[in-house]
Amino acid sequence: MLWPRVYRWGLYAALVCGLLIAVELWQRTIEQRGYDRARAEFAQQAILASESARQRERDLQQQVKDAENEAKQREVVILADTTAVRTERDRLRSEIAASRNRMSAATADAVRKHASTLSTVFEECAGQLEDMARSAAGHASDSLMYQEGWIK
């Protein structure tokens, strides 16, 4: 009865080998699930990072578009102000030309009053020009500061 004993041990050995193979396959399945889960998490994080970057880019593009629109609106206001200044300048030129024509027939006292008024107007213009130059220099300084401080 040696052979049935050998068969029994052979059967045990086959069962143990089958069990080891089943354990190995089960372990590989668990490893594959873990790998698949990690891969899915990585893909999800990559998608979130990509969406975040796209949103940031859209925000920056909107910010640039808003700045361009504001610059266009300021330009329209500047053009309107320039037109108003030109109109006023032309009016003053014609008034000065008419005044020159009247000066030849004016009395000395009228000429003195006229010169005094022109001097006062000149002083006011010079003061406003100084204020405007100071504001322009401050604006240029601020603009340069922002340009130098801008993230590159």
Side-chain angles (χ1 to χ4, degrees), residues 13-152:
L15 286 175
V16 168
C17 286
L19 184 61
L20 289 175
I21 290 172
V23 167
E24 178 65 25
L25 290 175
W26 179 69
Q27 200 171 15
R28 283 187 186 178
T29 302
I30 289 175
E31 288 174 359
Q32 185 64 40
R33 285 182 189 164
Y35 174 76
D36 291 342
R37 189 177 313 130
R39 192 171 175 188
E41 287 177 14
F42 178 77
Q44 186 178 15
Q45 289 175 354
I47 289 170
L48 290 174
S50 176
E51 289 174 358
S52 175
R54 286 185 189 137
Q55 183 61 41
R56 176 73 175 144
E57 183 178 354
R58 282 191 294 269
D59 291 345
L60 290 175
Q61 287 176 345
Q62 185 62 42
Q63 186 178 1
V64 168
K65 187 184 282 188
D66 291 345
E68 288 173 348
N69 289 339
E70 289 173 7
K72 287 177 185 176
Q73 290 174 353
R74 285 191 305 268
E75 189 174 332
V76 167
V77 170
I78 289 171
L79 287 175
D81 290 346
T82 302
T83 302
V85 166
R86 284 184 184 145
T87 303
E88 184 64 20
R89 179 198 61 197
D90 292 342
R91 187 190 66 76
L92 288 174
R93 278 186 181 165
S94 64
E95 189 176 313
I96 289 172
S99 176
R100 281 186 197 149
N101 292 335
R102 286 185 303 215
M103 281 296 153
S104 61
T107 64
D109 189 43
V111 171
R112 280 189 214 108
K113 285 182 182 179
H114 188 70
S116 174
T117 303
L118 286 177
S119 176
T120 302
V121 169
F122 178 77
E123 291 298 322
E124 287 178 13
C125 288
Q128 289 197 9
L129 282 174
E130 286 176 13
D131 291 344
M132 185 171 45
R134 192 175 311 111
S135 295
H139 171 71
S141 175
D142 290 345
S143 177
L144 183 60
M145 176 187 65
Y146 291 133
Q147 289 173 10
E148 290 174 350
W150 189 259
I151 298 171
K152 294 177 174 107

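Values in this document were obtained by computation on a predicted structure and should not be read as measured data. Both backbone and side-chain heavy atoms feed into the values below; hydrogens, waters and symmetry mates do not. Numbers for residues simply follow the sequence, beginning at 1.
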Decide yes or no on side chain to side chain donor-acceptor pair (under 3.5 Å) for Q73 and N69, but give the supporting numbers first.
CA-CA 6 Å; Q73 290 174 353; N69 289 339; over 6 Å; no
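Ionic pairing of R33 and D36 is not present here: no N-O contact between side-chain nitrogen and carboxylate oxygen is shorter than 4.0 angstrom.
In this structure, the side chains of V64 and Q61 stay at 4.5 Å or more apart for every pair of heavy atoms. Using a 4.5 Å heavy-atom cutoff, the side chains of L129 and M132 are in contact. Considering only heavy atoms from C-beta on, E124 stays 4.5 Å or farther from Q128 through its side chain.
Taking CD of E75 as the start and OG1 of T82 as the end, the distance is 10.0 Å to the nearest 0.5 Å. Remark: C17 SG to E24 CD distance equals 13.0 Å, nearest 0.5 Å. One distance of note links CD of E95 with CD of E88; it measures 8.5 Å at 0.5 Å rounding. Here the CG atom belonging to L15 is positioned 11.0 Å from the CG atom belonging to L20, to the nearest 0.5 angstrom.
A 6.0 Å sphere centred on CZ of R89 holds more than 12 heavy atoms belonging to other residues, nucleotides or ligands. Residue R91 places its CZ atom among more than 12 non-hydrogen atoms of other residues, nucleotides or ligands, all under 6.0 Å distant. Atom CD of Q62 is surrounded by more than 12 heavy atoms from other residues, nucleotides or ligands within 6.0 Å.
T87 places a side-chain N or O within donor-acceptor distance of the main-chain N or O of T83, the cut-off being under 3.5 Å. Looking at S52, its side chain never comes within 3.5 Å of a backbone N or O of L48 through a donor-acceptor pair. When atom types are taken as modelled, the side chain of S116 and the backbone of R112 share no donor-acceptor pair closer than 3.5 angstrom. The closest donor-acceptor contact from the side chain of S50 to the backbone of A46 lies at 3.5 Å or more, if one exists at all. A side-chain donor-acceptor contact under 3.5 Å links T117 to the backbone of K113.
In this model, no donor atom of one side chain and acceptor atom of the other lie less than 3.5 Å apart for D59 and Q63. For the residue pair Q55 / R58, a side-chain donor-acceptor distance below 3.5 Å is found, with atom types taken as modelled.
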